[in-house]
Amino acid sequence: MARVVILGAGVSGHTTASFLGKWLGKKHEIIVVSPNKNWNWIPSNIWVGVGAMQPKDVIFELEPVYKKINVNFKQAKATTIHPEGDASHAGGFVTIEYTGQGKEGTTETVEYDYLVNATGPKLNFAATEGLGPDNGHTVSVCTYGHAEHASEELAAAIERMQKGEKLKFVIGTGHGMCTCQGAAFEYIFNVEQVIREAGVRDNAEIYWLSNEYEMGDFGMGGMHIKRGGYITNGKVFTESIMAERGIKWITQAHVSKVEKGIIHYEQLDGTIGKLAFDFSMLIPPFAGVGLKAFNKAGEEITDKVFAPNGFMKVDADYTPKPYEEWRAADWPKTYQTPLYKNIFAAGIAFAPPHLISKPMQSVNGTPINPTPPRTGMPSGMIGKAVALSIRDMVNGAVEPTHTASMAEMGAACVASVGHGFFKGGAAAMTVFPVVPDFEKYPDFGRDTDLTFGEVGLAGHWIKHTLHHLFLHKAKLRPGWTLIPE
Amino acid sequence: MLEKKVINTRAYKQDYFPPIPTATTKFFRSCAIWQFFRFVIINLKMIKVVSKSHH
Ligand SMILES: Cc1cc2nc3c(=O)[nH]c(=O)nc-3n(C[C@H](O)[C@H](O)[C@H](O)COP(=O)(O)OP(=O)(O)OC[C@H]3O[C@@H](n4cnc5c(N)ncnc54)[C@H](O)[C@@H]3O)c2cc1C
């Protein structure tokens with residue numbers, strides 16, 4: 001009997017666990033270690049952040065779901081990985097510390113035959129002084145708890161405007177090295193919509209503040225779309241959406257510090273700016289969750305297993321090279337770690353070989369460029385490919401059997417606002433591939449038929465459908481395997 | 001005395017340069033019948049993207 005341990009029960013880890021439970025759960029042991037007892041459909045946190053949904057609408061308890069497929073759930077966080085074992089363990093193991101199940105604070109070692117690191121990002125608010133809801137002055141929508149707090153702050157701001165005050169709103173990225181611009185993009189339109197619906201739009205000045213070189217970069221080097229007889233850069237459409245809604249924008253910005261009511265930022269051209277705010281949601285930079293690795297002798301090998309940003313090294317080409325020489329083939333395919341063939345990293349937890357957007361530095365030497373996004377669809381697809389490979393390896397395959405390169409897969413993203421069947425709107429986008437492949441698509445790096453974007457009610461319907469479909473799938477309800485990642 | 005009127009508040013501001021949707025474009029964005037048709041098309045596109053992504 002083999003034992004597969006999956007660290008993290010987010011989009012990626014939960015996908016891996018669900019499929020491995022279904023395929024191997026009866027004969028082998030599948031263990032999920034994750035510090036939160038709930039699963040969260042993170043994209044819908046945006047709606048929690050404007051009060052349109054409650055946390056209970058975007059979460060459910062994992063343990064009862066895992067019971068259905070013989071997956072053992074440990075509500076704990078992993079702290080160390082020992083891929084070679086140690087004096088008292090013949091094989092690899094992880095150390096975990098319980099955060100629930102009545103064992104809070106207790107540590108335990110869990111041995112594995114296969115390990116999947118799907119621990120996602122650490123929300124690194126500490127990288128910017130004054131950032132974030134806990135020790136800073138900005139709100140966040142990255143967790144359902146943060147999003148609930150954001151909605152309370154937003155409601156309070158709206159109340160102030162209803163009493164006649166004029167307020168400033170700043171939404172975007174809180175550091176020069178952030179990713180996840182798409183989430184902030186969706187949030188700014190939801191905030192604008194809610195303010196408009198409250199009848200106080202004239203009292204709100206709204207700013208988009210971002211580390212993107214141009215609007216619409218989204219950490220993917222932007223995208224080109226066929227429209228009106230031209231192939232046009234997404235910058236035009238993104239600016240159009242902002243202009244239509246009266247939102248101002250500041251790009252190429254690294255937020256260096258946030259004080260109560262004031263954001264300090266630096267731009268690529270060296271401009272040092274200040275932006276006053278009454279309500280601000282800035283996405284934090286992401287880092288790995290801080291797992292440490294040790295060899296058999298107990299010596300630390302974290303720098304061999306993980307990249308300096310804390311994400312796990314996998315089968316990518318990490319050789320440093322200039323932007324012009326980046327290739328699709330640099331991106332990992334199987335997500336197996338090079339040193340340990342029984343360890344995989346899926347979703348945000350894997351270390352990308354380099355950025356997707358062009359690296360930039362301000363005249364003062366500050367890096368100001370988005371880092372690569374790993375959105376829901378790639379995270380889910382990577383999780384499934386890893387599950388397929390492990391299933392086959394448990395059954396005798398020597399090497400991973402499935403691939404899911406971000407340079408060979410697309411992604412769909414829908415930013416939706418408003419409520420009700422006829423009242424909403426959305427920008428629906430697809431890109432193919434996520435990582436541009438200039439060898440295959442020399443002009444724009446992408447397939448211009450499969451890369452498209454469109455604004456309208458249809459996207460809003462799609463986003464709502466996806467919310468219900470993905471929750472249905474994640475709860476492993478009948479037919480869940482038919483719903484694609 | 002003649003009142004001084006500010007009549008040009010938009011030119012050369014940031015939002016003067018991007019394309020702004022016309023009333024027709026806005027109508028089609030929210031016209032349920034047209035959007036139902038677009039719903040089908042966008043879903044087909046997404047299914048194509050998903051199926052090309054699986055290996
Ligand atoms: C506000 C917001 C909106 C978004 N909207 C969209 C969208 O519309 N479309 C889209 O495609 N993507 C969207 N994304 C991105 C999407 O949420 C991510 O791509 C996806 O969640 C990544 O999956 P993951 O499994 O890698 O990480 P996560 O989903 O973050 O999961 C990580 C898991 O690891 C657990 N964990 C953390 N530390 C440890 C530890 N030490 N040991 C064990 N477990 C640990 C966590 O508790 C969690 O369960 C959005 C993201 C945000 C923040």
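This is a predicted model, so every value here is computed, not measured. Within every chain, numbering begins at 1; the chains are lettered A, B, ... in the order of the sequence lines, protein sequences first and strands thereafter.
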_Shorter than 4.5 Å, heavy atoms on both sides: which option in B/Met46, B/Lys45, B/Lys48 has the most such pairs with chain A?_
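Top count of heavy-atom pairs under 4.5 Å with chain A: B/Lys45.
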_Just so I understand: if I count every heavy-atom pair under 4.5 Å between each of B/Asp15, B/Asn43, B/Val40, B/Ile42 and chain A, which residue has the most?_
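Option with the top pair count is B/Ile42.
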*More than 12 heavy atoms of other residues, nucleotides or ligands under 6.0 Å from CG of B/Leu44: is that the case?*
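It does: B/Leu44 CG has more than 12 such atoms within range.
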*Give a yes or no on this: more than 12 heavy atoms of other residues, nucleotides or ligands lie within 6.0 Å of atom NZ of A/Lys384.*
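It does: A/Lys384 NZ has more than 12 such atoms within range.
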_Would the distance check show the side chain of B/Gln14 and the main-chain N or O of A/Trp249 forming a donor-acceptor pair, the cut-off being under 3.5 Å?_
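Answer holds: yes.
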Heavy-atom side-chain contact between [X] and [Y] under 4.5 Å:
X	Y	result
B/Arg38	A/Leu457	no
B/Ser53	A/Phe432	yes
B/Lys26	A/Glu244	yes

_Residues which pass ring-ring contact (aromatic ring centres under 6.0 Å, His included) with A/Phe444, listed by chain and number, not counting sequence neighbours_ =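 A/Phe444: ring-ring contact (aromatic ring centres under 6.0 Å, His included) contacts with A/His224.
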*Interface residue of largest heavy-atom contact number with chain B, from A/Val236, A/Val455, A/Thr451, A/Val434, under 4.5 Å*: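 Heavy-atom pairs under 4.5 Å are most numerous for A/Val455.
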*For A/Met377 and B/Val49, what are the C-alpha separation, side-chain angles and deciding distance, and is it a side chain to side chain contact (heavy atoms under 4.5 Å, CB included)?*
CA-CA 11 Å; A/Met377 195 168 143; B/Val49 168; 4.0 Å; yes
Checking heavy atoms, do the side chain of [X], its backbone, both or neither come under 4.5 Å from chain B?
X	answer
A/Val431	backbone
A/Met215	neither
A/Ala411	backbone
A/Thr238	neither
A/Phe452	side chain
A/Glu454	side chain

*Non-hydrogen atoms of chain A under 4.5 Å away: do they reach the side chain of B/Lys13, the backbone, both or neither?*
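The answer is neither part of B/Lys13.
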*chain A heavy atoms under 4.5 Å from B/Phe28: which part of the residue, side chain, backbone, both or neither?*
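The answer is neither part of B/Phe28.
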*How would you list, by chain and number, every residue that makes a side-chain contact (heavy atoms from CB on, under 4.5 Å) with A/Asp449, sequence neighbours excluded?*
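side-chain contact (heavy atoms from CB on, under 4.5 Å) check on A/Asp449 returns A/Lys226, A/Asp447.
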*Any residue meeting side-chain contact (heavy atoms from CB on, under 4.5 Å) with A/Pro433, in chain and number order, not counting sequence neighbours*: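 Here the qualifying residues are A/Asp437, A/Tyr441, A/Arg446.
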*For chain A, which residues from residues 17-25 of chain B lie under 4.5 Å away (heavy-atom distances)?*
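Against chain A, the residues of residues 17-25 of chain B that fall inside the cut-off (heavy atoms, under 4.5 Å) are B/Pro18, B/Pro19, B/Ile20, B/Pro21.
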